[in-house]
Amino acid sequence: MFLKNVTTNLKKYSFLLRQLVSRDFKVKYKRSILGVVWSLLYPLLTMAVMAIVFSNVFKFSTPGVSYLAYLLSGLIMFNYYSEASNLSMSSVVANFPLINKIYIPKYIFPLSKCLFVGINFLLTLIPFYIVLFATGTGVNIYHIFLPYAFLCLFMFTLGMGFILSAVSVFLRDMFYIYGIVLTLWTYLTPVMYDINVISKSLQPFLKLNPMYHYINFVREITLYGRIPQPFTWATCIVSSVVVLIIGVVVFRKTQNKFIYYV
Amino acid sequence: MIKVNNVSMKFNLGIEKNFSLKLFFINMFKSKKNKPKKEEFWALKDVNFEVKKGEVIGFIGSNGAGKSTMLKVIAGVMKPTTGSVEVYGNICPMIELGAGFDMELTARENIFLNGAVLGYSKQFIEEKFEEIVEFSELREFLDVPVRNFSSGMTARLAFSIATVVDPEILIVDEILSVGDIAFQQKSEAKMKSLIGGGTTVLFVSHSIDQIKSICNKVVWLEHGKVKKIGEAKEICDEYYNTQVS
Ligand SMILES: Nc1ncnc2c1ncn2[C@@H]1O[C@H](COP(=O)(O)OP(=O)(O)OP(=O)(O)O)[C@@H](O)[C@H]1O
Ligand SMILES: [Mg+2]
């Protein structure tokens with residue numbers, strides 16, 4: 001019943017959704033000369049900078065696999081999350097002028113941001129594969145399972161986007177708070193270091209972080225060439241679906257009150 | 001066609017916008033008793049009326065009387081705090097035009113974006129594209145970013161997009177005063193032709209003459225309450241007299 005509602009609603013507003021996503025694209029790239037090339041270059045440059053800092057200065061390394069590929073796999077996943085969740089969070093407040101004048105289902109704003117950044121994410125897979133080949137890591141048959149991790153990442157991010165955008169309507173300080181949380185989160189997620197460099201007693205805490213599992217899933221396949229453990233499969237889907245459901249519930253419960261906080 | 005039953009709309013002016021962590025902590029440490037009472041404000045209070053198919057209803061009242069709020073509740077933009085609104089038919093809300101414009105995009109791109117925001121389908125916009133451009137008289141500016149438009153040009157484009165539909169219910173909130181004189185006449189003519197086609201219209205304007213010439217019935221709002229409902233000319237004259245004296 002609920003699902004059927006969602007699909008008919010999505011069908012009705014799919015054109016608007018496409019327009020919003022393409023608007024974001026046009027606005028983002030219209031005035032830059034390199035345009036889309038930035039999307040490809042940006043993760044590569046970040047990777048290069050971080051690789052120089054962490055592998056030369058701090059002597060981080062990942063035994064058995066290329067540190068560059070290790071870094072980039074974590075970066076593209078985490079960058080997707082941080083950019084999409086940030087944009088989603090501000091999307092509702094930013095569209096208040098619209099929400100105050102026309103009836104539009106409000107969930108469409110966080111959703112369009114997650115999709116927009118999602119397309120960017122798919123573009124960053126190009127530099128990722130280039131690095132996989134350049135470092136001699138190569139590809140294997142298990143890559144067909146990668147979309148599973150991407151889907152989980154998307155659902156998790158969308159759920160967080162719903163929660164953050166709803167909360168930030170009532171609590172504008174959220175923008176600052178979340179900025180700090182996100183910085184902390186980056187360091188607590190094993191993006192640039194291997195979880196095994198952390199003391200055994202702390203590892204279980206780091207594993208409470210869903211982002212760790214999505215990234216781990218991708219690394220198991222692309223770097224270590226093996227199918228992730230059943231436990232990883234389960235953690236990914238359960239954490240993302242649970243967060244998405246919480247997000248939908250929070251958003252639906254609060255959306256009629258948004259108008260009072262315009 | 002439209003039934004408004006006991007609609008009240010409350011805004012919490014006290015918590016609005018300033019709600020932040022700072023206030024939250026301040027309030028937490030204050031004892032329950034001397035917590036400042038949330039300032040309540042009723043923008044609409046127990047409003048009742050009915051609109052039949054094909055009727056053209058005007059709303060009058062001073063600034064802040066609740067006219068726009070009433071229209072937004074009918075258009076579904078806001079849920080009333082209490083009471084209910086029944087609407088049969090598809091609504092074209094022209095409450096504030098151009099709300100969905102993105103200043104960075106060109107006029108052409110904005111026609112599609114704004115059309116989508118208003119709920120048009122892709123096919124519909126493609127069909128009506130020519131008509132929109134024609135009516136707005138902005139053909140040479142189609143590929144110019146709207147950021148570089150004058151405000152009148154933006155308003156023309158917005159008006160042309162919004163009025164391209166044939167809605168069953170048209171909601172118009174003070175939008176006829178856009179553009180230069182030529183365009184004002186053109187937009188009023190367009191509005192009249194929409195009305196002549198049997199559309200139900202809810203119309204807000206501060207121009208009493210306009211209301212008199214277009215509407216059959218008028219709702220007079222004062223401080224969120226219905227002061228009077230009745231035949232257009234009668235109510236308008238009475239309203240006019242209270243305003244000037
Ligand atoms: N989102 C909101 N939050 C708080 N108060 C609001 C909000 N929207 C409207 N109000 C208040 O409700 C009252 C009625 O506003 P409304 O816009 O309906 O007036 P109006 O009759 O359209 O006036 P005008 O003739 O100036 O257009 C105003 O006092 C306004 O401050
Ligand atoms: Mg108004």
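Residue numbering restarts at 1 for every chain, and letters A, B, ... go by the order of the sequence lines. Scope of the values below: all heavy atoms of this structure, side chains included, with no hydrogens, waters or symmetry mates.
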Ranking A/Ile108, A/Val169, A/Asn95, A/Ile259 by heavy-atom pairs under 4.5 Å to chain B gives rank one to A/Ile259
Under 4.5 Å from any heavy atom of chain A, what part of [X] do you find: side chain, backbone, both or neither?
{"X": "B/Ser121", "value": "backbone"}
{"X": "B/Lys122", "value": "both"}
{"X": "B/Met103", "value": "neither"}
{"X": "B/Ile125", "value": "side chain"}
{"X": "B/Thr106", "value": "both"}

Are [X] and [Y] side-chain neighbours, meaning at least one heavy-atom pair lies under 4.5 Å?
{"X": "B/Leu105", "Y": "A/Arg23", "value": "yes"}
{"X": "B/Met78", "Y": "A/Asn100", "value": "yes"}
{"X": "A/Lys26", "Y": "B/Glu104", "value": "no"}

Can you tell me if [atom1] on [X] sees more than 12 non-hydrogen neighbours from other groups inside 6.0 Å?
{"X": "B/Glu86", "atom1": "CD", "result": "yes"}
{"X": "B/His206", "atom1": "NE2", "result": "yes"}
{"X": "A/Tyr42", "atom1": "OH", "result": "no"}
{"X": "A/Trp38", "atom1": "CH2", "result": "no"}
{"X": "A/Lys28", "atom1": "NZ", "result": "yes"}

Contacts with chain B made by residues 13-21 of chain A (heavy-atom distance under 4.5 Å), listed by residue number =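 Under the 4.5 Å heavy-atom cut-off, A/Phe15, A/Leu16, A/Arg18, A/Gln19, A/Leu20 qualify.
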Which bit of A/Ile104 is near chain B, if near means a heavy-atom gap under 4.5 Å: side chain, backbone, both or neither?
->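 It is the side chain, since no backbone atom gets that close.
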